[in-house]
Undergrad: 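Got a structure here, written out as structure tokens. Questions coming.
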2 protein chains.
Amino acid sequence: MKNLLSALKISVPDKIFIKDPETSELGKRIVENSIILINDIGFESFTFKKLGTRICSNESSIYRYFESKHKLLLYLSSWYWAWLEYQLVLETYSITDADEKLAKAVLIVTRMVKEDSNFTHINEVLLYKIIVNESSKSFLTKEVDIENKEGYFEVYKRIIARIGEMISAVNSDYPFALSLASTIIEGGLHQHYLKEHFPSISNYESGKTPTNFFVQLIKSTIK
Amino acid sequence: MKNLLSALKISVPDKIFIKDPETSELGKRIVENSIILINDIGFESFTFKKLGTRICSNESSIYRYFESKHKLLLYLSSWYWAWLEYQLVLETYSITDADEKLAKAVLIVTRMVKEDSNFTHINEVLLYKIIVNESSKSFLTKEVDIENKEGYFEVYKRIIARIGEMISAVNSDYPFALSLASTIIEGGLHQHYLKEHFPSISNYESGKTPTNFFVQLIKSTIK
DNA sequence: CAAATATAATAGTATTACTATCAAATACTA
DNA sequence: TAGTATTTGATAGTAATACTATTATATTTG
């Protein structure tokens with residue numbers, strides 16, 4: 001299975017970057033190490049200067065790939081959603097039963113992330129942590145409407161639309177398919193966050209994911 | 001009803017501020033105008049210098065009330081949650097039926113905010129917009145665990161616990177009362193955000209709130 | 001009226017988030 | 001293989017940010 005998809009490239013809207021980091025060694029090092037560094041010190045403290053030092057390169061070289069650290073965060077977010085979408089398609093493609101398909105989708109979207117050896121320069125486990133902790137900051141800005149028009153969030157919207165369709169396939173009369181889909185996606189991230197930082201308002205034992213919570217929720221809601 | 005509660009003061013954890021802004025004219029002007037200015041230009045562009053200019057006061061004077069703009073955001077968030085809690089208590093107190101009480105709570109937490117004349121220096125409608133757009137940034141930081149220990153998020157946690165209890169009152173066997181409560185609270189904010197900025201992945205007609213979506217969701221989930 | 005407290009004004013600092021320029025290394029092409 | 005283009009690196013510079021520190025001036029309170 002692994003090598004079956006080794007030629008695959010995750011596609012990120014190309015307006016997000018100045019130069020595609022996938023096309024060079026330096027670009028890949030930028031992405032790889034930005035994930036590690038953002039995880040380490042948080043997005044607020046993260047700077048291109050620090051990243052430059054870490055990869056023994058120059059601040060100005062990083063600016064040739066990404067206009068700003070905000071754009072880099074958009075890149076990482078889009079990459080994650082595209083990667084998740086590819087898993088979603090791959091793992092639900094052959095399921096014909098609508099209920100089963102949706103349950104599988106919820107599992108994929110709320111489970112603990114494992115490393116994917118198809119993309120060696122990206123640590124998906126760390127990237128997922130960034131998505132949980134930082135990805136909201138990519139759209140909670142004053143520029144969101146402009147950037148939305150530019151297509152920066154299309155992968156994110158597409159995955160929600162896809163899950164929305166799976167919900168409608170189970171019950172075409174349910175009127176809130178998209179709202180429920182986005183609630184699962186964002187709620188999944190948020191529940192992972194709460195589990196880690198606010199366990200007193202959480203209902204998960206250690207090692208458990210919110211998958212069961214969401215599977216039961218979605219089933220009873222659209223039944 | 002209005003004047004019945006005019007002596008009420010919303011209580012915010014006092015470690016959040018250096019000097020309580022409620023105790024002086026300048027303090028109230030700081031809070032009042034920070035709400036307007038953050039709404040206007042966004043939290044990232046907001047600075048104490050700009051706020052100082054706006055209120056014809058000095059940057060250094062604002063620093064005597066709040067250590068940083070992050071602390072100010074924590075203050076505004078806590079104020080909002082405390083205000084919401086007071087509404088929750090007030091409006092559900094006399095309801096004895098557990099189902100009805102919970103439905104009312106969901107309504108309060110997901111509805112459109114109206115101005116409250118009890119607190120003249122705070123524009124609750126604008127404050128709610130800040131909560132939708134910026135409040136996640138108050139806890140999505142590297143310092144969250146330290147600040148949580150300091151009690152900065154206690155109001156937020158209390159309101160979730162309260163709704164969790166209402167859920168358990170309806171069905172004491174439901175195992176995810178707190179998770180569901182936090183999903184409603186955060187999901188409510190997020191759905192309001194999507195309605196505004198990503199209508200293509202939203203299911204609400206203009207003027208409509210996500211209340212119906214959540215009332216139906218919660219009812220069927222815990223039934 | 002004196003003393004304490006609050007506010008204002010000014011200056012200063014390290015860092016950030018860039019932009020601009022130029023040189024050196026590397027790759028590609030005739 | 002020389003010539004050209006592209007990429008990267010090094011350095012410098014800038015306006016703004018997020019503060020701290022100091023001193024002066026109001027204002028409140030005892």
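Computed from a predicted model, the values in this text were never measured in an experiment. Just so it is clear, the values below take in all heavy atoms, side chains as well, and ignore hydrogens, waters and symmetry mates.
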Undergrad: Looking at the side chain of B:Thr47, which of C:dT7, D:dG9, D:dT17 is the nearest nucleotide?
TA: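 Ranking C:dT7, D:dG9, D:dT17 by closest atom to the B:Thr47 side chain puts D:dT17 first.
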
Undergrad: Under a 3.5 Å threshold, yes or no: a donor from one side chain and an acceptor from the other, between B:Asn148 and A:His197?
TA: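 No, no side-chain donor-acceptor pair sits under 3.5 Å.
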
Undergrad: Drop me the distance from A:Glu67's CD to A:Ile62's CD1, to the nearest 0.5 angstrom.
TA: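 A:Glu67 CD to A:Ile62 CD1: 15.0 Å, rounded to 0.5 Å.
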
Undergrad: By the 4.0 Å heavy-atom rule, please label B:Lys69 as base, sugar-phosphate, or nothing.
TA: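 Sugar-phosphate, no base atom in range.
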
Undergrad: Considering every strand shown, what is the Watson-Crick or G-U wobble mate of D:dA12 when both distances are under 3.5 Å?
TA: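 Check on D:dA12: paired to C:dT19, both distances under 3.5 Å.
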
Undergrad: Does anything in residues 59-68 of chain A come within less than 4.0 Å of DNA chain D? Heavy atoms only, and list the residues if so.
TA: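 Only A:Ser60, A:Ser61, A:Arg64, A:Tyr65 qualify.
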
Undergrad: Please tabulate, one pair per line, all N/O donor-acceptor pairs under 3.5 Å involving side-chain atoms of residues 120-134 of chain A, not counting sequence neighbours.
TA:
from, atom 1, to, atom 2, distance (Å)
A:His121, NE2, A:Glu22, OE2, 3.3
A:Asn123, OD1, A:Val125, N, 3.0
A:Asn123, OD1, A:Leu126, N, 3.1
A:Glu124, OE1, A:Asp116, N, 2.9
A:Tyr128, OH, A:His192, NE2, 3.4
A:Asn133, ND2, A:Lys129, O, 2.7
A:Glu134, OE1, A:Lys137, NZ, 2.4
A:Glu134, OE2, A:Phe43, N, 3.3

Undergrad: Whether B:Lys19 contacts C:dT7 is assessed here as follows: a side-chain N or O lying under 4.0 Å from the phosphate OP1 or OP2. Is that the case?
TA: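 True: B:Lys19 side-chain N/O within range (under 4.0 Å) of C:dT7 OP1/OP2.
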
Undergrad: Ring-plane angle category for B:Phe153 and A:Phe198, please: parallel below 30°, perpendicular beyond 60°, tilted otherwise.
TA: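 Answer is perpendicular, since the angle exceeds 60°.
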
Undergrad: Less than 6.0 Å separating the ring centroids of A:Tyr193 and B:Phe139?
TA: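 Ring centres of B:Phe139 and A:Tyr193 closer than 6.0 Å.
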
Undergrad: Does A:Ser57 put a side-chain nitrogen or oxygen below 4.0 Å from OP1 or OP2 of D:dG9?
TA: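 Affirmative; the distance criterion is met.
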
Undergrad: Could you state the interatomic distance from CZ (B:Phe213) to NZ (B:Lys208), rounded to the nearest 0.5 Å?
TA: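 Between B:Phe213 CZ and B:Lys208 NZ, I get 15.0 Å after rounding to 0.5 Å.
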
Undergrad: When you check the phosphate oxygens OP1 and OP2 of D:dT17, does a side-chain N or O of B:Lys50 lie under 4.0 Å from one of them?
TA: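 The answer is yes; a side-chain N or O of B:Lys50 sits under 4.0 Å from OP1 or OP2.
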
